[in-house]
Amino acid sequence: MPEVCIKVTIINFTVTVSGLEDQLLSDVVRLERPDLEEQRNELIVRINEDKNQLKGIEDKILHLLFNSKGNILDDVELINTLNDSK
């Protein structure tokens with residue numbers, strides 16, 4: 001009923017074949033080669049940190065561009081931020 005739907009959170013518990021394959025592969029690797037599983041986990045953490053850093057840099061650049069007055073080539077902070085983002 002619509003009243004019940006408004007009061008609860010609907011969660012999709014659909015299981016996909018690729019999701020199951022990833023979980024099974026992770027379990028096998030964890031049992032056979034724990035060092036590789038640890039390296040994989042470290043890489044996942046590093047990738048997420050890099051994505052967050054990239055998002056922060058993009059937000060800063062957009063903020064500086066939005067608040068820039070006059071010629072953007074004269075904005076030293078913006079130019080330095082663009083150079084650092086490389």
What is the distance from atom [atom1] of [X] to atom [atom2] of [Y], rounded to the nearest 0.5 Å?
X	Y	atom1	atom2	answer
R30	R40	CZ	CZ	10.5 Å
E58	L62	CD	CG	7.0 Å
D27	E37	CG	CD	8.0 Å

### Query
Mind checking what makes salt bridge (charged side-chain N to carboxylate O under 4.0 Å, His left out) contact with D22, not counting sequence neighbours?
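Partners of D22 under the salt bridge (charged side-chain N to carboxylate O under 4.0 Å, His left out) test: none.
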### Partners passing salt bridge (charged side-chain N to carboxylate O under 4.0 Å, His left out) against D59 (at least two apart in sequence or in another chain)
K55
### Qualifying side chain to side chain donor-acceptor pair (under 3.5 Å) pairs, either residue in residues 76-86, two or more places apart
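For residues 76-86, and leaving out neighbouring residues, there are no side chain to side chain donor-acceptor pair (under 3.5 Å) pairs at all.
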### Task
Indicate if L25 and L36 have the same hydrophobic cluster label, given that clusters are the connected sets of ILVMFWY residues with side-chain heavy-atom separations under 4.5 angstrom.
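L25 and L36: one cluster.
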### Heavy-atom pair of closest approach, residues L31 and P34
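Between these two residues, the closest heavy atoms are O-CD, 4.4 Å.
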### side-chain contact (heavy atoms from CB on, under 4.5 Å) partner of I72, chosen from I79, L82, L78
L78
### Task
Begin with the C-alpha distance, continue with both residues' side-chain angles, and end with the deciding distance and a verdict on side-chain contact (heavy atoms from CB on, under 4.5 Å) for L43 and R46.
CA-CA 5 Å; L43 288 173; R46 197 170 354 161; 3.5 Å; yes
